[in-house]
Protein chains: 2
Amino acid sequence: MTTEETARAGTEWHGEEAYDVFARLCPSRELFAELADKWSMLILMSLDACGPQRFSELQRGVGGVSRKMLTQSLRNLERSGLVLRTVFPETPPRVVYDLRPLGRELAELLSPLGHWTERRAQRMLAAREEFDAAHAEGDL
Amino acid sequence: MTTEETARAGTEWHGEEAYDVFARLCPSRELFAELADKWSMLILMSLDACGPQRFSELQRGVGGVSRKMLTQSLRNLERSGLVLRTVFPETPPRVVYDLRPLGRELAELLSPLGHWTERRAQRMLAAREEFDAAHAEGDL
DNA sequence: CCGTATCCTCTGAGATACTG
DNA sequence: CAGTATCTCAGAGGATACGG
């Protein structure tokens, strides 16, 4: 039995044990669930690819995100120490978001994921068609 | 303007252009949204870490997942060509899930994410407390 | 410009019970 | 064992309007 498997023997997490994202009650799972989110990931990737950005820039950059979800996701990321929010008290106000070191670490793991998805999109779409075709037969 | 930024000038995607996860209407975005999901990611990570597994093994491995969500996520992953489902026609039936090459590629990008979360959990939790404390002041 | 507050809709997801 | 089907409900998330 490997270390990995040992750590996962039970998935209840009764404290004392090491952090384990597979364990339902482990704090790291809650964090993981928050980060394993479409909007959060795209925001971090956008900040990684394009550098510091204003709120409205982010909204344009992350296509389809509503102000509500953008605000909400940014707050979570800020709260967990991944993103830095800086307000310039001008009129009209200017607010700039940037990655903090922790966020940059994560973004650098995330960006390859985005690129991989783009690179393999064709292949996955083909697989889908095949799958759908194969399963249409059975349902005639 | 970098290539990256050029590709993201508009986020509408009118076909013809390269795949772009930041574009709301790009097919790669739909794929990304499906993969940027707690359960899908944990399933791929579990298959990566522990090898081929049966349905019930996966359910135990991925703590807290319901049969419904497990089935649903596995179907999606199978449909997109990431996971292979093999049925052994015995009684009782045995069904084994494994990574296909495409899924293994992805899983190898995902697993570091899980480990990163576990490694940095403490730090993120500390940041949260700090944030919450700082914002409790203002709300007195 | 950068949000917050409110309303409203729709689906994500658990619980439960049934099938091959 | 490995699912499918149905019901149910909370909460995700969009639209809109207002505030600093």
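Reminder, nothing fancy here: chain letters follow the sequence lines and each chain counts from 1. Just so it is clear, the model here is predicted, and its values are computed rather than measured.
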A.B. asks: I'd like to know if A/Arg128 and B/Glu78 make a salt bridge, using a cut-off of under 4.0 Å between side-chain N and carboxylate O.
C.D. replies: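 Answer for the salt bridge query: no.
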A.B. asks: Rounded to the Å, how far apart are A/Gln53 CD and C/dC1 P?
C.D. replies: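 It is 15 Å, rounded to the nearest whole Å.
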A.B. asks: Indicate whether OP1 or OP2 belonging to D/dT4 is found under 4.0 Å from a side-chain N or O atom of B/Arg67.
C.D. replies: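 So the side chain of B/Arg67 is outside the cut-off, no N or O lying under 4.0 Å from OP1 or OP2 of D/dT4.
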A.B. asks: Grab the CD-P distance between A/Glu34 and D/dG13 for me, whole Å please.
C.D. replies: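 Answer to the nearest Å: 12 Å.
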A.B. asks: Counting only side-chain N and O atoms of B/Arg54, is one of them less than 4.0 Å from OP1 or OP2 of D/dC1?
C.D. replies: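 Negative; the distance criterion is not met.
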A.B. asks: In whole angstrom, what separates B/Asn76's CG from C/dA13's C1'?
C.D. replies: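 It works out to 14 Å between those atoms.
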A.B. asks: Rounding to a whole Å, what distance do you find between B/Gln72:CD and C/dA13:C1'?
C.D. replies: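 Checked: the CD to C1' distance equals 8 Å.
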A.B. asks: Using the closest heavy atom to pick a nucleotide of DNA chain C for each, name whichever of B/Val65 or A/Phe55 lands nearer the 5' end.
C.D. replies: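 The residue closer to the strand's 5' end, by nearest nucleotide, is A/Phe55.
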A.B. asks: Side chain of A/Ser66 only, please: which of D/dA2, D/dG14, C/dG14 is the nearest?
C.D. replies: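 Given the options D/dA2, D/dG14, C/dG14, the side chain of A/Ser66 is closest to D/dG14.
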A.B. asks: Could you check how far CZ of A/Phe88 sits from C1' of C/dG3, rounded to whole Å?
C.D. replies: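 In whole Å, C/dG3 C1' and A/Phe88 CZ are 17 Å from each other.
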A.B. asks: Starting the side chain at C-beta, find the nucleotide from C/dG3, C/dG20, C/dG14 nearest to B/Pro93.
C.D. replies: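 Nearest to the side chain of B/Pro93 among the choices is C/dG20.
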A.B. asks: Starting the side chain at C-beta, find the nucleotide from C/dG3, D/dG14, D/dG3 nearest to A/Lys68.
C.D. replies: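 So the nucleotide nearest the side chain must be D/dG14.
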A.B. asks: What's the separation between atom CD in A/Glu118 and atom CG in B/Asp20, rounded to the nearest 0.5 Å?
C.D. replies: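 It comes to 5.5 Å.
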A.B. asks: For A/Gln59 and D/dA15, what is the distance between atoms CD and C1' respectively, to the nearest whole Å?
C.D. replies: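 In whole Å, D/dA15 C1' and A/Gln59 CD are 13 Å from each other.
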A.B. asks: Could you state the atom-to-atom distance from CD of A/Glu57 to P of C/dG3 in whole Å?
C.D. replies: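 After rounding, the reported distance stands at 13 Å.
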A.B. asks: Between atom CG in A/Leu70 and atom C1' in C/dT4, what is the gap in whole Å?
C.D. replies: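 Rounded to the whole Å, the gap is 14 Å.
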A.B. asks: Which nucleotide in the set C/dA13, D/dG13, C/dC2 lies at the smallest distance from any side-chain heavy atom of B/Met69?
C.D. replies: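 Among the listed nucleotides, the one closest to the side chain of B/Met69 is C/dA13.
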A.B. asks: Does some side-chain heavy atom of A/Glu105 sit less than 4.5 Å from a side-chain heavy atom of A/Leu99?
C.D. replies: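 They are not in contact (no side-chain heavy atoms under 4.5 Å apart), so the answer is no.
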A.B. asks: Go through the steps for A/Gln122 and B/Tyr19 under the test side-chain hydrogen bond (donor to acceptor under 3.5 Å, both in side chains), then give the verdict.
C.D. replies: CA-CA 9 Å; A/Gln122 201 97 66; B/Tyr19 287 126; 3.2 Å; yes
A.B. asks: Which nucleotide in the set C/dG14, D/dG3, C/dC1 lies at the smallest distance from any side-chain heavy atom of B/Val95?
C.D. replies: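 For B/Val95, the side-chain atoms sit closest to D/dG3.
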A.B. asks: Does C/dT4 have OP1 or OP2 under 4.0 Å away from a side-chain N or O of A/Arg75?
C.D. replies: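 A/Arg75 to C/dT4 OP1/OP2: side-chain N or O found under 4.0 Å.
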A.B. asks: For residues B/Ser46 and B/Gln53, is any side-chain donor paired with an opposing acceptor at under 3.5 Å?
C.D. replies: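 There is such a pair between these side chains.
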A.B. asks: Given C/dC2, is OP1 or OP2 found less than 4.0 Å from the side-chain N or O atoms of A/Thr71?
C.D. replies: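 For A/Thr71, the contact criterion (side-chain N or O under 4.0 Å from OP1 or OP2 of C/dC2) is not met.
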